[in-house]
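These numbers were taken from a predicted model, which means no experiment stands behind them. Positions are given from 1, in the same order as the sequence printed here.
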Amino acid sequence: MSNRKSFDAAIVGGGPAGLIAAILVAKTGANTVCLAPRPLRVDTRTSALMRGSLDIMSDAGVLPSLVEKSAPLKTIRIIDDSGHLFRGPPVEFNCSEAGGEPFARNFQNSDLVEALQAKAGDQENLTLLDEAAAAINPGDNVVKINTTSNLELTVDLVIGADGRMSPCRKAAGISSKTSKLPQSALVFNVDHTLPHEYVSTEFHRHAGPLTLVPLPGNRSSVVWVETHEKASDYKNLDDIAFTEIFGEMTYGVLGNIRALGPRAMFPLSNLSVEDAGRGLIALVGEAAHVVPPIGAQGLNLGFRDAATIAQLIGNSSNETNSARAIVQDYALRRKRDISTRSGFVNLLNRSLLSDFLPVQMLRSSGLAALANITPLRKVAIRAGIGPRV
Ligand SMILES: Cc1cc2nc3c(=O)[nH]c(=O)nc-3n(C[C@H](O)[C@H](O)[C@H](O)COP(=O)(O)OP(=O)(O)OC[C@H]3O[C@@H](n4cnc5c(N)ncnc54)[C@H](O)[C@@H]3O)c2cc1C
């Protein structure tokens with residue numbers, strides 16, 4: 001490739017949101033480049049991706065290769081283990097109440113990114129570069145991007161999928177608000193003796209939820225939200241002591257732990273943006289929103305961002321919309337979904353952390369209503385699965 005090149009669209013960032021955006025945008029026929037520096041570390045997390053995200057993965061052509069490596073979530077069980085004075089009853093949702101298809105599938109992030117990289121590498125109209133954007137300069141009609149190997153790219157529209165520190169967000173002049181939460185998530189996988197029966201169990205504890213998510217076989221991934229101090233203490237325990245505490249916290253629902261994967265710790269924060277796009281730059285994934293890992297919303301939102309921008313780019317070829325109009329439309333369309341989901345996740349998190357009795361009462365009566373009132377259960381299921389794009 002010569003040192004200078006023009007593209008219809010550039011995706012900056014090769015995480016899961018960026019790669020799926022790149023594939024979907026290239027499928028519209030747009031001449032696309034994706035700046036996707038290979039990650040330095042393997043992501044040991046998993047992602048539960050809801051039905052809408054599975055449809056998006058299907059459209060991108062990556063679902064078939066991942067089905068065997070993922071596990072379906074057929075039942076979601078919530079157990080109020082908050083220790084509060086007012087506690088709710090256990091609540092269980094089964095996918096038979098919602099048409100029978102699993103609510104979601106749980107993927108190892110490393111498998112997901114590998115499959116997306118492979119698909120992106122084969123995709124027509126898509127140039128995949130293993131390097132970062134060193135400078136992003138928006139002009140009136142095009143954006144100039146200089147890469148770390150000194151390529152000069154001229155593009156009509158940029159999709160910033162460059163994570164929570166997002167250089168694209170900065171280049172677009174979009175301000176963001178970050179708040180650090182008093183919690184960290186301890187993340188690891190376990191092999192266990194009892195079958196999970198494709199049930200995802202959420203223990204709603206005072207410091208945050210402890211969630212068990214099925215993986216293929218007798219394996220589960222765990223997201224355990226705690227105070228920073230406790231998460232750090234637990235991370236540093238030896239395997240035997242840790243396994244014992246984990247068994248107590250989860251009331252032995254998985255039986256004995258046969259093997260324990262490496263433990264990683266993620267300090268939690270929120271990030272919200274003024275707008276999900278401005279000028280010629282649209283933001284997708286964590287460049288546009290960071291939410292704590294409660295109710296598996298983060299990447300599901302990111303996939304809906306990716307599908308929406310691709311859809312608008314696809315439609316624009318018929319309607320000759322300018323890149324500026326596409327970005328404006330995108331920011332408008334994504335506003336509600338992003339703000340409602342982020343608001344809901346934060347409300348749930350705060351209700352667990354709260355020592356204020358009326359809040360505890362509201363939470364427990366909310367759970368009682370969810371356990372017993374059918375129309376409310378239907379609304380909750382629809383909200384949990386998320387909208388389709
Ligand atoms: C413990 C935990 C559990 C979670 N579980 C779930 C779940 O079950 N379901 C769910 O939906 N979500 C979940 N999430 C959220 C999910 O992990 C994130 O939403 C997702 O990983 C974000 O992907 P992304 O592509 O937006 O960002 P990232 O994965 O951060 O990717 C950003 C990429 O941009 C690249 N980049 C940065 N700067 C540049 C540059 N200048 N040029 C080029 N590239 C650049 C980086 O190298 C990186 O590869 C969880 C989060 C946590 C913390």
Side-chain angles (χ1 to χ4, degrees), residues 6-36 53 56 59-60 120 125-126 132-133 135-145 153-176 271-290 298-317 319-339 341-342 387 389:
S6 296
F7 291 93
D8 299 328
I11 289 83
V12 179
L19 288 168
I20 203 151
I23 297 165
L24 294 171
V25 170
K27 276 183 180 287
T28 68
N31 183 20
T32 307
V33 63
C34 180
L35 294 169
S53 295
I56 294 169
D59 291 345
N125 311 321
L126 178 56
I136 303 152
N137 295 306
D140 286 341
N141 299 313
V142 289
V143 182
K144 301 257 188 206
I145 299 178
L153 312 178
T154 303
V155 295
D156 295 342
L157 191 155
V158 171
I159 297 169
D162 43 0
R164 51 185 74 195
M165 306 303 288
S166 182
C168 285
R169 190 172 66 224
K170 201 163 166 226
I174 300 174
S175 67
S176 61
L271 179 143
S272 59
V273 292
E274 243 180 318
D275 284 306
R278 182 170 296 164
L280 301 173
I281 301 181
L283 304 176
V284 304
E286 289 203 334
H289 42 75
V290 177
L299 190 55
N300 284 286
L301 273 173
F303 275 15
R304 292 203 287 280
D305 299 336
T308 305
I309 190 70
Q311 200 178 64
L312 290 170
I313 291 173
N315 293 345
S316 77
S317 45
E319 297 160 14
T320 59
N321 271 350
S322 72
R324 223 166 258 283
I326 294 173
V327 172
Q328 204 174 16
D329 198 3
Y330 168 78
L332 204 65
R333 285 203 196 193
R334 293 304 296 140
K335 208 172 189 88
R336 187 150 163 235
D337 189 22
I338 294 173
S339 66
R341 305 268 143 190
S342 310
V389 173

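- Residues passing the side-chain contact (heavy atoms from CB on, under 4.5 Å) test with Ala307, sequence neighbours excluded: Leu24, Ile56, Val389.
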Would Arg333 and Leu312 satisfy side chain to side chain contact (heavy atoms under 4.5 Å, CB included), going step by step from the backbone distance to the final call?
CA-CA 10 Å; Arg333 285 203 196 193; Leu312 290 170; 3.6 Å; yes
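- Remark: of the listed residues Ile145, Ile11, Ile136, Ile145 is the sole one forming a side-chain contact (heavy atoms from CB on, under 4.5 Å) with Leu35.
- Heavy-atom minimum distance, Ala287 versus Gly160: CB-O, 3.6 Å.
- For Arg169, the side-chain hydrogen bond (donor to acceptor under 3.5 Å, both in side chains) criterion is met by no residue, not counting sequence neighbours.
- The CD1 atom of Ile281 lies 5.5 Å from the SG atom of Cys168; values are rounded to the nearest 0.5 Å.
- With sequence neighbours left out, Gln328 forms a side-chain contact (heavy atoms from CB on, under 4.5 Å) with no residue at all.
- Panel note: side chain Ser342, backbone Ser339; no donor-acceptor pair is recorded below 3.5 Å.
- Using a distance-only test at 3.5 Å, with no hydrogens or angles considered, no donor-acceptor pair links the side chain of Asn31 to the main chain of Asp8.
- Partners of Arg278 under the salt bridge (charged side-chain N to carboxylate O under 4.0 Å, His left out) rule, at least two apart in sequence or in another chain, are Glu274, Asp275.
- Counting heavy atoms from C-beta on, the side chains of Val158 and Val327 never come closer than 4.5 Å.
- Taking CG of Leu299 as the reference point, atom CG of Asp305 lies at 9.5 Å (rounded to 0.5 Å).
- Closest heavy-atom contact between Ala30 and Ile313: CB-CG2, 4.3 Å.
- Looking at residues two or more places apart in sequence or on another chain, you find no side-chain contact (heavy atoms from CB on, under 4.5 Å) involving Asn141.
- For Asp337, the side-chain hydrogen bond (donor to acceptor under 3.5 Å, both in side chains) partners two or more places apart in sequence, or in a different chain, are Arg304, Arg334, Arg341.
- Rounded to the nearest 0.5 angstrom, Ile309 CD1 and Tyr330 OH are separated by 6.0 Å.
- Across every non-hydrogen atom of Gly285 and Ala17, the tightest pair is CA-CB, 3.9 Å.
- The salt bridge (charged side-chain N to carboxylate O under 4.0 Å, His left out) check on Arg164 picks up Glu286, with sequence neighbours excluded.
- Atom CE of Met165 sits about 9.5 Å away from atom CG of Leu271, to the nearest 0.5 Å.
- Of all the heavy atoms in Ala60 and Ile23, the pair that sits closest is O-CG2, 3.6 Å.
- The one candidate from Leu280, Thr154, Asp156, Asn137 that meets the side-chain contact (heavy atoms from CB on, under 4.5 Å) condition with Val143 is Leu280.
- Under the side-chain hydrogen bond (donor to acceptor under 3.5 Å, both in side chains) criterion, Thr32 pairs with no residue at all, not counting sequence neighbours.
- For Asn125, the side-chain contact (heavy atoms from CB on, under 4.5 Å) partners are Ala26, not counting sequence neighbours.
- We find the CD1-CD1 distance between Ile159 and Ile326 to be 9.5 Å, quoted to the nearest 0.5 Å.
- Within the model, atoms OG of Ser316 and CG of Leu157 stand 8.5 Å from one another, a figure rounded to the nearest 0.5 Å.
- Listed by chain and residue number, Ser166 satisfy the side-chain hydrogen bond (donor to acceptor under 3.5 Å, both in side chains) test with Asp162 (two or more places apart in sequence, or in another chain).
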